[in-house]
Every structure is written in structure tokens, then in C-alpha cells.
Amino acid sequence: MSVKSKYQEVLNLGEKLNVKNGDVSEEGGILKIKGETKTQYEKNILWDKIKEIGGENPSDIKANITVADESVYHRHTVKSGESLSKIAKKYYGDPMKYKKIFEANTDILKNPDVIHPDQVLVIPN
């Protein structure tokens, strides 16, 4: 199995996330990938996938992933049925951090209990 096919799921994920300036090459059994994600959250998702396939310190892949917008952790588009606490649990692992998201979005949110589908919320670092 080639190292590129081993990490195909990472490359597919990069496409799904619309990674910019992407480049993939294989040299001496090492896969070299580079690109730019929109946010730190997307970069973390890619690294999680790399580690899931190659282990905690994979030696057969070198990834140079930069982040376009470091001012925020992510920008989340609200889906029907979501709440700030559900969103906080997804990104921070703690539903009580919903206040952090609310405070970062007081320009569009007036009440932490009222969010609407298709609103784009800043998820702060």
C-alpha cells in the first residue's frame, strides 16, 4: 500500500474542508502535504485524522498546515435544534462554556437561549 493511499482519508477530508493552496507529494516513502485551513478547528480535525491513521507521532507523513483566520477558533453555522450549550460541547467539550460563545456574538445575539438556523457564530479561541 502506498503512503498516499494510506492517508487518502486525510486528503479527502482536506477536499471536503476546501483546504486552500493544497499540495501533496510523495518522497522516499514519506507523504508531504501542505495547505491552509479556514480556522484552527479545521486544522485540528485534519491532525486528528492524521493521528487516527498514523499514530500519535507518524513518521511517514509531514504536514504543513496553516490557518487563514487565527482571530477565531471557528465559524459555526447554526443548524435546526442546536443550542449554544450543544455548540459549546462540540467545540470545547463543555456545555457550560456557552457563555464564551454568547459573549463573542453579542452583535447578533441578544439572548443566549435564542439562536436561529443559518446564523454564523464566532467560536472564540
| request: Quick one: do Val114 and Leu109 satisfy side-chain contact (heavy atoms from CB on, under 4.5 Å)? Show the steps, please. | output: CA-CA 7 Å; Val114 180; Leu109 300 179; over 6 Å; no
| After noting the C-alpha distance and the side-chain angles of Lys89 and Asp94, does the key distance pass the salt bridge (Lys or Arg N to Asp or Glu O under 4.0 Å) rule? | CA-CA 4 Å; Lys89 183 164 178 37; Asp94 181 355; over 6 Å; no
| request: Please test Lys51 against Glu56 for salt bridge (Lys or Arg N to Asp or Glu O under 4.0 Å), starting from the C-alpha separation and ending with a verdict. | output: CA-CA 5 Å; Lys51 290 176 185 174; Glu56 199 57 40; 3.5 Å; yes
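Note that the CD1 atom of Ile61 and the CD1 atom of Ile53 stand 7.5 Å from one another [nearest 0.5 Å]. Residue Asn111 holds its CG atom at 6.5 Å from CZ of Phe102, rounded to the nearest 0.5 Å. Taking CG of Asn64 as the reference point, atom CG of Asn21 lies at 11.0 Å (rounded to 0.5 Å). Taken from OG in Ser25 to NZ in Lys4, the straight-line distance is 9.5 Å, to the nearest 0.5 Å. Rounding to the nearest 0.5 Å gives a distance of 9.0 Å between CG of Leu46 and CG of Asn44. The distance from the NZ atom of Lys90 to the OG atom of Ser85 is 14.0 Å, given to the nearest 0.5 Å.
Between Lys99 and Leu84 the shortest side-chain heavy-atom distance does not fall below 4.5 Å. The closest side-chain heavy-atom distance from Ile33 to Val10 is below 4.5 Å. A heavy-atom distance below 4.5 Å is found between the side chains of Ser2 and Glu26. Taking 4.5 Å as the limit, every side-chain heavy atom of Thr37 sits out of range of all side-chain heavy atoms of Thr66.
Following chains of ILVMFWY side-chain contacts shorter than 4.5 Å, one can reach Tyr91 starting from Tyr98, so the two form part of one hydrophobic cluster. Note on Val72 and Val19: separate hydrophobic clusters, where clusters join Ile, Leu, Val, Met, Phe, Trp and Tyr whose side-chain heavy atoms are under 4.5 Å apart, directly or indirectly. Cluster annotation: Val67 and Leu17 are assigned to distinct hydrophobic clusters (Ile/Leu/Val/Met/Phe/Trp/Tyr, side-chain heavy-atom contacts under 4.5 Å, transitive). Tracing side-chain contacts under 4.5 Å through hydrophobic residues (I, L, V, M, F, W, Y), one reaches Trp47 starting from Val3; they form part of the same cluster.
Test Asp60, Val24, Ile50 against Leu31 for side-chain contact (heavy atoms from CB on, under 4.5 Å) and you get one pass: Val24.
One N or O on the side chain of Glu82 and one on the backbone of Lys79 form a donor-acceptor pair closer than 3.5 Å. Looking at Lys49, its side chain never comes within 3.5 Å of a backbone N or O of Ile45 through a donor-acceptor pair.
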In a table with atom names and distances, give each donor-acceptor pair under 3.5 Å that connects a side chain of residues 117-125 to protein atoms at least two apart or in another chain.
unit_1	atom_1	unit_2	atom_2	d
Gln119	OE1	His116	N	2.7
Asn125	OD1	Tyr73	N	3.4
Asn125	ND2	Glu70	O	3.0

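Atom NZ of Lys6 has more than 12 neighbouring heavy atoms from other residues, nucleotides or ligands inside a 6.0 Å radius.
Between His74 and Tyr41, the angle of the ring planes lies from 30° to 60°, which puts this pair in the tilted group.
Nearest approach of Lys86 to Gly81, heavy atoms of both residues: NZ-O, 3.0 Å.
Note on residues 27-44: pairs passing salt bridge (Lys or Arg N to Asp or Glu O under 4.0 Å), not counting sequence neighbours, are Glu27-Lys32, Lys38-Glu42.
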